[in-house]
Amino acid sequence: MEFNSKRILRIVYCVVAFFIFSVTGFYIFRNQLLHYLADRKIQHLETTYDLSIHYRQLQFNGLREIDLNEFSIVPNHRDTLLNLRSMKVKLNFLPLLIGEIELNDMSLEHLALTFVKKDSISNYDFLFKKKNPNEKAKKRGYDERVNSLLNMCYDYLPENGTLKDVLISKQKDNNKLALRFATFNVKDNQFDNEIAISEDEEPAQRLRATGVLNHFSKELQLSLTAATPHQKVSIPYLNKHFHAHVAFSSLLYNMTKSKHFSYTSLNGELMVNGLEVAHKALSPEVIQLNRGRINYAINIGSNYIELDSAQTIVQFNRLLFSPYVRAEKNNNKWHFRIGIDKPWFNSNDLFASLPEGLFGNLKGLRTTGQLAYHFLLDMDMANLNAMRLESDLSQRFFHIVDYGSTDLRRMNREFVYTAYDNGRPVRTFPIGPSWAHYTPIDSIPQIMQWAVLESEDGTFFKHHGFRLDMLRSALIYDLQKKRFARGGSTISMQIIKNVFLNRNKNIARKLEEAFIVWLIENEHITSKQRLLEVYFNIAEWAPNVYGIWEASEFYFNKRPQQLSLEECICLASLIPKPKHFTSSFAVNNETGDIVLRGYYGGYYRLIARLMAARGIISHAQADSIHPYVNLTGRASNSFVIHRDSIGFQQSDMILNDSIVPQAVFPSSI
């Protein structure tokens with residue numbers, strides 16, 4: 001027992017002696033070791049990335065403090081990337097023993113970090129260069145990447161420090177964006193400083209930045225406001241490059257990171273007050289949000305990012321909800337799942353919370369009752385046909401008590417309609433008895449009504465303004481074609497778009513359209529019969545030809561009541577492309593008549609069979625349908641008939657002044 005104790009003591013003495021010897025050796029030769037490691041690393045970086053890296057002085061002061069003076073990084077044949085006059089850093093000793101670097105204190109003076117890009121050449125493109133193009137890099141998960149990035153931020157930003165005369169700038173051709181602070185102090189992981197941001201020759205904005213960056217608790221807090229009271233912070237760069245304006249009164253952000261066995265969690269809050277956003281893709285007006293806040297919980301795994309609805313709350317003005325979002329990548333294909341379930345809430349909270357400038361027609365709208373909302377989009381890019389799309393806004397005891405700025409009941413009586421093309425008004429006329437071409441719904445034959453309904457919206461009298469099956473099919477088709485190739489609008493949506501909304505194609509218009517359609521259809525503000533009547537009187541059938549009366553006269557020189565079944569189906573087929581109606585017709589070589597092209601046979605038979613199934617026509621009529629109509633109205637003047645050298649007839653469209661009185665035509669409904 002005594003022997004074992006002496007042996008243990010000898011081992012302890014040896015360990016302590018070795019430790020003292022190592023520390024002593026490190027202390028004596030620390031500068032030589034520092035230069036050796038630094039020069040070796042610099043040489044590697046210069047060779048790998050084609051850089052010139054220089055310093056005038058690099059040395060230890062004591063055991064933990066390092067001095068660096070006159071340090072620069074210059075990519076060869078490029079502009080200088082970094083210039084540093086002097087820096088003193090104090091390292092945490094214990095992590096240093098195991099080869100990790102954590103900064104405790106930092107004193108830095110005159111740092112200039114300049115990113116320059118001229119044409120396609122930049123002084124920072126080496127940052128994206130692979131170390132060894134022939135070596136296959138190990139694929140890291142999203143959680144690993146996030147952890148590495150955040151750990152670097154926490155480790156290399158000091159607990160205490162003073163940064164003087166710091167300039168970080170980005171210059172692209174003639175545009176320059178600069179961030180500068182004369183002095184930036186950090187004490188016990190906390191900071192409260194002013195930052196100046198300037199763009200080109202414009203006066204600099206002064207911001208006040210306060211917050212906490214704590215390595216041990218993995219916590220980040222940041223608050224941004226304008227240094228001058230009652231001013232807003234305007235985000236630079238966006239206006240000149242994206243023609244967008246974003247400004248706010250105050251922004252508060254905090255985040256805490258926690259590492260779990262198979263994923264990383266980011267929990268925190270983002271709150272913005274006095275937000276204003278302007279961009280033509282969103283709205284023609286400036287969007288203003290008094291208060292917006294999100295308390296979030298983001299889970300990040302190796303192949304997914306997930307917003308946890310159980311711990312996430314989104315608030316804008318008076319409305320709160322908890323969304324679920326998950327993006328998962330498998331075999332280089334993304335699978336998205338988005339869900340919102342908002343249980344019963346006061347309906348007026350929704351309409352009172354709509355941001356100003358986003359929904360002009362709903363401004364001042366007040367309601368009573370309750371609403372509940374359910375939404376689900378499950379979209380696997382590897383199997384688009386399996387997409388699930390669900391959306392349901394339910395109501396109980398709901399009632400509109402004040403229509404606000406726009407009377408949604410305007411279609412119940414005669415009103416003035418203006419047709420637009422590319423945002424420009426081209427024709428204005430009343431929808432009512434005072435218009436000579438107005439056609440009441442009772443004067444439109446059933447075969448005409450149902451030919452259009454079966455072509456455009458077969459369940460018009462059953463749905464409440466929306467058809468999710470159409471929206472789902474349109475979304476799948478657009479994703480497959482990788483462009484906006486097909487819409488999913490019902491007749492109700494088309495009417496609301498043309499009667500109530502501006503013609504600017506933006507997100508705000510689509511959202512406002514959905515709100516108004518839901519209100520009119522669910523509250524039965526305007527009957528289905530009247531909606532259909534309005535549709536038949538404002539639909540565009542050819543350039544400057546509006547409504548069923550003008551269409552019947554233009555194509556067939558008839559009144560709507562005189563149209564044949566074939567002529568009704570023909571008019572229904574022309575609604576999607578009124579400006580290009582001539583592409584649907586050709587010249588009969590034998591008679592010289594202008595008739596529908598032969599490939600319309602399948603369309604005719606489909607529409608006829610659908611009408612027969614509803615009892616609008618007989619099955620015998622459907623079976624005998626033939627896609628033959630003869631243009632006998634003014635539309636025939638849009639064709640020039642000529643005979644070529646081999647003897648057959650062709651047709652070309654001409655812009656006859658008597659038919660096309662304007663160079664710019666209104667768009668199709």
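Just so you know, these numbers use all the heavy atoms, side chains as well, and skip hydrogens, waters and symmetry mates. No experiment lies behind these values; they were computed from the predicted model shown.
Two residues are said to be in side-chain contact when any heavy atoms from C-beta on lie closer than 4.5 Å; Leu350 and Thr367 fail this criterion. Taking the side chain as every heavy atom from C-beta outward, Leu389 and Phe375 approach each other to under 4.5 Å. Contact annotation: the side chain of Met255 approaches that of Leu150 to within less than 4.5 Å [non-hydrogen atoms, C-beta and beyond]. Put simply, the side chain of Asn348 reaches to within 4.5 Å of the side chain of Arg366, judged on heavy atoms. Looking only at side-chain heavy atoms (C-beta outward), Tyr263 and Glu306 stay at 4.5 Å or farther from each other. The closest side-chain heavy-atom distance from Leu377 to Leu475 is below 4.5 Å. Contact of the Phe515 side chain with the Phe359 side chain is registered, since non-hydrogen atoms from C-beta on lie closer than 4.5 Å. Inter-residue side-chain proximity for Asn498 and Tyr417 is flagged as met; some heavy-atom pair is nearer than 4.5 Å.
The aromatic rings of Trp549 and His437 lie parallel to each other, with less than 30° between the two planes, well short of the 60° mark. Aromatic ring orientation, Phe460 versus His463: perpendicular (interplanar angle above 60°, classes split at 30° and 60°). Relative ring orientation between Tyr296 and Tyr253 is described as parallel, the plane-to-plane angle staying below 30° on a 0-90° scale split at 30° and 60°. By the 30° and 60° cut-offs, the orientation of the rings of Tyr142 relative to Trp334 is parallel.
For the residue pair Asn412/Thr526, the side-chain donor-acceptor check at 3.5 Å is satisfied. With no hydrogens or angles considered, a side-chain donor-acceptor pair links Thr418 and Thr428 at under 3.5 Å. Checked by atom type, the side-chain pair Asn239/His245 shows no donor-acceptor distance below 3.5 Å. Judged by distance alone, the side chains of Tyr535 and Ser492 never bring a donor and an acceptor atom under 3.5 Å apart. For the residue pair Ser249/Asn273, the side-chain donor-acceptor check at 3.5 Å is not satisfied.
No more than 12 heavy atoms of other residues, nucleotides or ligands sit less than 6.0 Å from atom CZ of Phe397. Atom NE2 of His464 has 12 or fewer neighbouring heavy atoms from other residues, nucleotides or ligands inside a 6.0 Å radius. Annotation: Lys333, atom NZ; neighbour count of heavy atoms from other residues, nucleotides and ligands within 6.0 Å does not exceed 12. The neighbour count for Arg605 CZ, taken as heavy atoms of other residues, nucleotides or ligands under 6.0 Å away, does not exceed 12.
Ion pairing between a basic and an acidic side chain is recognised when a charged N comes within 4.0 Å of a carboxylate O; Lys363 and Glu285 show no such pairing. A salt bridge is defined here as a Lys NZ or Arg NE, NH1 or NH2 lying under 4.0 Å from an Asp or Glu carboxylate O, and Asp349 with Lys342 fails to meet this definition.
Taking the centre of each ring, Tyr373 and Phe321 stay at or above the 6.0 Å mark.
Taking the centre and axis of the six-membered ring of Tyr403, the NZ or CZ atom of Arg410 falls outside the cone set by 45° and 6.0 Å.
No side-chain donor-acceptor contact under 3.5 Å links Arg326 to the backbone of Tyr304.
Leu563 and Ile447 get closest at one heavy-atom pair: O-CD1, 4.0 Å.
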